[in-house]
Student: 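The structure that follows is given in the form of structure tokens.
Residue numbers start from 1 in every chain, and the chains themselves are labelled A, B, ... in the order their sequence lines are given, proteins ahead of strands. Values below: all heavy atoms of this structure, side chains included; hydrogens, waters and symmetry mates excluded. In this text, all values refer to a predicted model and were calculated from it rather than measured experimentally.
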Amino acid sequence: TFMQGDSDEKVVYWVAVAPIDQKAALAAGTIDGAITWEPYASDALLSGSAAIYKWSEDIWEDHPCCVVAVDQDYLAENEQIVLRVLKVHQVATDWIYETIQDTSSDNYTKLLDLGAEFSQRNTSVVASSLEHMILTYEITSEFEDWMELITEKYIDLDLIENATLATRGYDSVEDFVDQYVNSSYLAMAEDIEPSEEILNEDDPVRIGYLVGDLHQFARVIAADDTLWGGNKSLFEIYGVATVTSEGGPYANGGAEMDAFATGLVDIGYLGSPPAILKHLNAGVNTLIVGQVNTVGSAIFVDPEITSLEDFYGKTIATPGPSSIQHLMFLDYFTSNGFTVKAK
Amino acid sequence: MDVKGSGKKKERASIFSQWPFNKFGNEEKWQQLFKTLVITIISLVAFLITWWGLSELADTDYLPDPETVFRSFIDTFQIRDPLTGRNMWDNIMASLTRVMWGFALAFATAVPLGLAMGFSKNADDFSKPVVEVFRPIPPIAWAPIMILALGVLLGPIVLVFIGVFFPLLSNVIFGVRSIDPILSDAARTLGAKRSHLFLKVILPSTIPYIMTGIRIGLGIGWMCIVAAEFIAATGGGVGQYIVFKAEVGRYDQVYAGLVVIAILGLLTTELSGYIERRVSKRMGML
Amino acid sequence: MDVKGSGKKKERASIFSQWPFNKFGNEEKWQQLFKTLVITIISLVAFLITWWGLSELADTDYLPDPETVFRSFIDTFQIRDPLTGRNMWDNIMASLTRVMWGFALAFATAVPLGLAMGFSKNADDFSKPVVEVFRPIPPIAWAPIMILALGVLLGPIVLVFIGVFFPLLSNVIFGVRSIDPILSDAARTLGAKRSHLFLKVILPSTIPYIMTGIRIGLGIGWMCIVAAEFIAATGGGVGQYIVFKAEVGRYDQVYAGLVVIAILGLLTTELSGYIERRVSKRMGML
Amino acid sequence: MKLTLEKLRKTFPLDEGELVAIENIDLEVESGEFVCLLGPSGCGKTTVLRIIAGLDTPTAGSICLEGKSISGSGSDRGMVFQEFALFPWRTVRKNVEFGMELKRVPKEERHRISQKYIDLVGLDGFENAHPYELSGGMKQRVGIARALANEPEVLLMDEPFGALDAQTRNLMQKELLRIWQETKKTVIFVTHSVDEACFLADRIVIMSARPSTVSEIYEIRWPRPRDRASVEFANLRKQILAKLERMVRIEDDGTQR
Amino acid sequence: MKLTLEKLRKTFPLDEGELVAIENIDLEVESGEFVCLLGPSGCGKTTVLRIIAGLDTPTAGSICLEGKSISGSGSDRGMVFQEFALFPWRTVRKNVEFGMELKRVPKEERHRISQKYIDLVGLDGFENAHPYELSGGMKQRVGIARALANEPEVLLMDEPFGALDAQTRNLMQKELLRIWQETKKTVIFVTHSVDEACFLADRIVIMSARPSTVSEIYEIRWPRPRDRASVEFANLRKQILAKLERMVRIEDDGTQR
Ligand SMILES: Nc1ncnc2c1ncn2[C@@H]1O[C@H](COP(=O)(O)OP(=O)(O)OP(=O)(O)O)[C@@H](O)[C@H]1O
Ligand SMILES: Nc1ncnc2c1ncn2[C@@H]1O[C@H](COP(=O)(O)OP(=O)(O)OP(=O)(O)O)[C@@H](O)[C@H]1O
Ligand SMILES: [Mg+2]
Ligand SMILES: [Mg+2]
């Protein structure tokens, strides 16, 4: 099935290495390549010591990646706040989209600077990242198809037990995605207008996000208070007080889901697979209410690796088994006849 | 575990062997054994029921019921994990191998250093400051830097090494220093030179202390390897198994991993404790 | 650390006080002290030079030179970290608070349980099986599940609790069992009833063992808190500081964090060791 | 107070069968009498004392104090142990006051009584010392004061001077006689030293090797203080030693390894 | 062999100043003589033995063996310790062979010699026992056999029977005399027991309390085995005891606390 390769030599190994450490691991020779998100793919590429073997869009065309998830209890009591945050997410995403159309504008320079500061990488890395990821918020039917596919793959892999769907009260994978992904809030958010008054002055919404992850650029610029005329952040303009959730920023989506579970995060930016895994396996009471980006990951490798054959016996780093990158890696190599093993 | 010097004491087992309720004849001894057995069983059953009840009551995925955990425990040994291509045996071998390497390294360095530091004041004066600089750092605190600097293979081994090294060193030094001076006096009146003293008096009488150091060190070694494998490891390992499973939310399997760790830790310390007692007895240090 | 019962021994400090080279008159004693001082300084200087040399030679970011580390160490106390908004004092307070809470919980449970298990065979028979199920699991192995189930606030505290609980419990039980039966005999001939025995004989003579358990437990507690903070922490913590810094590649600050951990560990164990010795002395158990 | 042991028997369970420590002991001790128990090692002297003190229960037989059968430990029978058995965490005064504390004797009275016995054993000035600060002889004085302060009817002493060096031992023997004469307690004193028994006792009870019975009783009517160098002293000593040595010989052959 | 101590002095450094353990000791011990050292506790008896054994160095003065000055430990002077000092991990035979192992005596000869001395002290059958399997008396026999097997000229014995009970002690004294008569060693024997000294010694050397000197020497010409119950024995005992008691009294006042 999914894991089976057709020969003993066609083995590729994986090892979990945090994206931030992958470049150094490659340089040190402990890995031969890595699958990772931006800005780490561009960073490795521009450092000159690595080549991009494949951008993720060439593996899974238009695949989804990060999403906005919200704690259901929080949503029930603070729907207005959630809508405003979603609105901000939309505005900021649109702003970035427009800004990158004109790379000579001041805003573009500012954008690069903000990205550099946030990701601790230089601006050319940020620029390259912006070219390789598609920031979006729309929940499309393609997205829902992808979510079904991902869930099915996890069930195939026994990372989600067959019985679990029923335990959570879902009839089928389709039913699960139907309920777990909800585009109606996004639609409602369209109509939100700026507000003079901060709705939740004493109770700022706690936003979770990942360390240095440029997929989640929208939140970064929305939190900046120099871009929007005056000295207010985009959140403040739309009347919400925000704070970085405790323990954040997180190293990966799994950790952020754990923070959701312990009630530290109200709204979070994270990868869709951990949102699925932890919701089904651990009952973390979240809901996916928007997309954040599609594509924008890559396999970078030692430049000597140029073809599939070159991967025989090599070791590839992934951000960890709950990431979409890991799943993509598994799928890509097994469907090309490899046996995938942990190093 | 520290144990106070006991001084000379009459051979009466404990305060309880004298308390009336513990004065048993032979048939009563069997009765008592039977009672202990019954209470033990009651205790374990109560534990399982409590576990079951809690997992039902709490209705959280963080506390699966014992049956589920037991099934996952059995499965992990039989079914290869789709993510890693390993079953639990592979993980156990991986962890054990690391512990053994780290332990071997620590043994090979701590014992000679300890003997030297215990035996020679100059060696002690010279080594102690450096040792004391490193000793208070919990071995696990080294994890991030060691795993980065030495890689996922050597890093965990070095962590185990650090964990085992210090308790072993302390025990060896303590062993050398605990030698009853009267024994070296006796050896000297029998014509022993300094090298004789070292080989024929200090070395043999330190062996039980080395064994104690080994037992304690192995306990800490297990702690270190689990922590190291949490942070990074290649080649599998029970710790790695646990984090991967926690990451994807399969908590039944996380508990199965904990059970494995418990059994492994128990086996190693029981085994080394057994050897320690045998050696102590053989060395006449009862 | 295990220490073998020493039996009665003449009051001669050690094997070395008799060895000719260690027989010093008063002026020679000062000379010896001076020599120790010189060797200690040489040793530390040699250590620093080796460190420096290695860091130059290896030319890796993973081993910054001592000066850089020292400067970072000073800075972390004065400058708030831009990522977390905390300086080292905040982190220390955070870690200390967790250790203290976990310790307090462990103390409040392990001491009564240990007294009961040591004193009453039924309590022992009942509790032992459950205790023995959990004891061999290294406290750190609980980290992923505890932090998930109990959150980033309570989770690390529970880890420290687990780490402190077992050594403390063992020492309390051992303390109760180590009471010289002759003392309870003596109390009984003076008219002591069972409750008297407990309050006036067992409790006081267990105190030094409790102190020993505290010292050992705190050592393990520090290990646990660092590991727990590696995995997850809110509100800062030295362990959290170290992982964050390792993540962003500021290895000089990682080492500064290690130095802080070393100093904290040293302070707590030295302090509890000091109290332990004072109490032991006060309790007449020299 | 008069103490009567009747058909006392004590067995200890072994892994297989049982060990008959005491076969059959009958003994009467008069009020105010000083009795020494002598016998080969392991013959059950300590066991007898422990049974009288109520620390062990006899397998058969009874102990009567002034005709009344007793069981369990009680403050009417004080005991002085060879190992001193002082509470190491208590000062000399607090050790001596232990029994009174249990009885809730008011603080001032406790203080007065403890002072009296501390003075009696010659430890004034050491009230606040801890046991570890004392020499062996001083420790045993505390043990004696502690037992006396509880005002027992009978004082049981198990090789109290066994751990002392010869000179201190001689001093302590004289002190003990003085205290005994002042307090008029009934004393049962176990010793390995024939010399000591001859120097102290009104009667010397010799126990046979295990399973033990009373083998012989010597009554000594000499006035005190006794002269160790006297011919009669030397003769009695020799006689008892010879008897004991015969027992040890027999025992040695039987039990070595 | 003749042993001469000349103007022996030994001080130990204290935190402030120094402790004069031995002021000045002059003593000659003839070849084959059995000398007992007696003296109050802490007067330096052990120190003298240790200096002779070469385990301590004298602050001043010299020790000569057959006229030749000696320093450092050596196998010509064997020592038997109060604490037995057996190597617990070695069997009886291996303990006895320790000195010969160091001298690389071939295995067969080692075996032959050790067997001889094991037989001499009456431990045949226990060759392969470990010390923890032996009683106190048997342990001390091993200690004596070990010292003898090294064939020293002088045998130094520091309260060797101090830890034994009275009966075992009497047996061991007789055994020791038998062995001494068979091997004709020079023996210096430290004891606290006046009785023991009178029973064993050719000469009894009494040391004064610290800072110590030789206070008196008693020469005993009675034949062996001696009769403890004889009048002369009792008289000598009494005389020495009185002398010692006076010393202890003085010391007691001076050093208690
Ligand atoms: N609790 C016990 N369990 C089993 N046997 C015991 C116990 N207490 C004493 N014995 C045995 O009973 C016998 C008598 O012991 P006891 O201590 O009374 O002798 P003793 O005459 O006081 O000896 P010693 O002179 O050595 O003090 C010994 O053989 C001893 O081993
Ligand atoms: N290594 C040492 N350092 C300091 N003082 C010492 C040392 N060894 C012995 N002394 C002191 O020297 C004195 C003589 O000690 P020594 O052990 O020789 O006496 P002793 O006559 O053998 O006493 P005992 O009869 O108690 O065995 C004592 O006051 C003792 O405290
Ligand atoms: Mg006894
Ligand atoms: Mg001495």
Side-chain angles (χ1 to χ4, degrees), chain B residues 1-10 12 14-16 18 36 39-40 43-44 47 62 121-122 125-126 129-130 136-138 140-141 143-145 148-149 167 170-171 174 177-182 184-185 208 212 216 222-223 226-227 230-231 242-243 246 251 254 258 261-262 265-266 285, chain C residues 1-10 12 14-16 18 36 39-40 43-44 47 62 121-122 125-126 129-130 133 136-138 140-141 143-145 148-149 167 170-171 174 177-182 184 208 212 216 222-223 226-227 230-231 242-243 246 251 254 258 261-262 265-266 285:
Chain B
M1 199 195 329
D2 253 352
V3 166
K4 301 257 158 192
S6 59
K8 61 169 180 172
K9 204 176 279 183
K10 277 248 162 159
R12 287 197 186 91
S14 106
I15 190 167
F16 305 103
Q18 294 165 65
T36 301
I39 298 185
T40 301
S43 156
L44 287 175
F47 165 66
Y62 299 123
K121 180 143 174 50
N122 283 344
D125 282 345
F126 188 76
V130 180
I137 304 178
I140 293 157
I145 195 83
L148 286 176
S170 307
N171 270 278
F174 181 77
R177 301 235 169 106
S178 303
I179 294 170
D180 195 340
I182 206 85
S184 77
D185 285 347
T212 305
I216 298 167
W222 271 111
M223 233 157 121
V226 170
F230 278 177
I231 292 172
I242 291 175
V243 264
Y251 299 115
V254 169
L258 284 179
I261 285 278
L266 201 64
M285 301 182 173
Chain C
M1 197 196 329
D2 252 352
V3 167
K4 301 259 157 190
S6 59
K8 61 168 179 174
K9 207 177 277 183
K10 278 248 162 159
R12 286 196 188 91
S14 105
I15 190 166
F16 306 104
Q18 293 166 64
T36 301
I39 298 186
T40 302
S43 154
L44 286 174
F47 165 65
Y62 299 125
K121 179 142 175 52
N122 283 343
D125 282 345
F126 189 76
V130 180
V133 162
I137 304 179
I140 293 157
I145 197 81
L148 285 178
S170 307
N171 270 277
F174 181 77
R177 302 234 169 109
S178 304
I179 294 169
D180 195 338
I182 206 86
S184 78
T212 304
I216 298 168
W222 271 112
M223 232 157 120
V226 171
F230 279 177
I231 292 173
I242 291 176
V243 264
Y251 301 116
V254 169
L258 285 179
I261 285 278
L266 201 64
M285 301 181 173

Student: Testing the basics here: between B/Phe126 and C/Ser43, what is the closest heavy-atom pair and its distance to 0.1 Å?
Tutor: O-OG, 2.6 Å
Student: Which atoms of B/Ile242 come close to chain C, meaning under 4.5 Å heavy atom to heavy atom: side chain ones, backbone ones, both, or neither?
Tutor: side chain
Student: For chain B, which of C/Ala246, C/Gly265, C/Ala141, C/Ala143 has the most heavy-atom pairs under 4.5 Å?
Tutor: C/Ala141
Student: Any chance you could measure B/Ile145, atom CD1, to C/Leu258, atom CG, to the nearest 0.5 Å?
Tutor: 7.5 Å
Student: Quick one: pull up CG in C/Asp125 and OG1 in B/Thr36 and give me the separation to the nearest 0.5 Å.
Tutor: 4.0 Å
Student: Could you tell me which non-hydrogen atom of B/Ala262 sits nearest to which non-hydrogen atom of C/Pro136, and how far apart they are?
Tutor: O-CB, 3.3 Å
Student: Please classify the contact of C/Val254 with chain B as side chain, backbone, both or neither, using a heavy-atom distance under 4.5 Å.
Tutor: side chain
